[in-house]
**Student:** 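Got a structure for you, questions after.
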Amino acid sequence: MPDSVHGEQVTAAITCKPGSKCSADEIKLFVKERMAGFKVPGSVIFSEQPLPRNASGKILKKQIREDYLAEQ
């Protein structure tokens, strides 16, 4: 996502399994324990709907960005 200081900020788009709950802090801690610091998301977007995918099953990151920015 756009960031005024660095140009872009790492953002995680999450869809939790039905019946389960997770928080942004839990996601950030999970990533921080397993990946480099620059890969830890600065923000987390939660969606109740499945993330958009193309015909081969890849997540459509551009569409997620556009949808999020349209909400702002």
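Only a predicted model underlies this, so the values are computations on that prediction, with no experimental measurement involved.
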**Student:** For N54, which residues count as a side chain to side chain donor-acceptor pair (under 3.5 Å) partner, sequence neighbours excluded?
**Tutor:** S56
**Student:** Hey, could you give me the CD1/NZ distance between I27 and K32, rounded to the nearest 0.5 Å?
**Tutor:**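 One finds 15.0 Å between CD1 of I27 and NZ of K32.
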**Student:** Using a 3.5 Å cut-off and no angle test, enumerate the donor-acceptor pairs between side-chain atoms of residues 36-49 and protein atoms at least two apart in sequence or in another chain.
**Tutor:**
residue, atom, partner, partner atom, Å
S43, OG, Q9, NE2, 3.1
S43, OG, T11, OG1, 3.2
S47, OG, Q49, N, 3.2
S47, OG, Q49, O, 3.0

**Student:** Quick check: closest heavy atoms across E26 and K21, and the distance to 0.1 Å?
**Tutor:** OE1-O, 4.2 Å
**Student:** Report the residue from I14, I59, L60 that forms a side chain to side chain contact (heavy atoms under 4.5 Å, CB included) with L51.
**Tutor:**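 Of the listed residues I14, I59, L60, the side chain to side chain contact (heavy atoms under 4.5 Å, CB included) partner of L51 is I59.
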**Student:** Run the side chain to side chain contact (heavy atoms under 4.5 Å, CB included) test against K61 and tell me which residues pass, sequence neighbours left out.
**Tutor:**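 Applying side chain to side chain contact (heavy atoms under 4.5 Å, CB included) to K61 gives R65.
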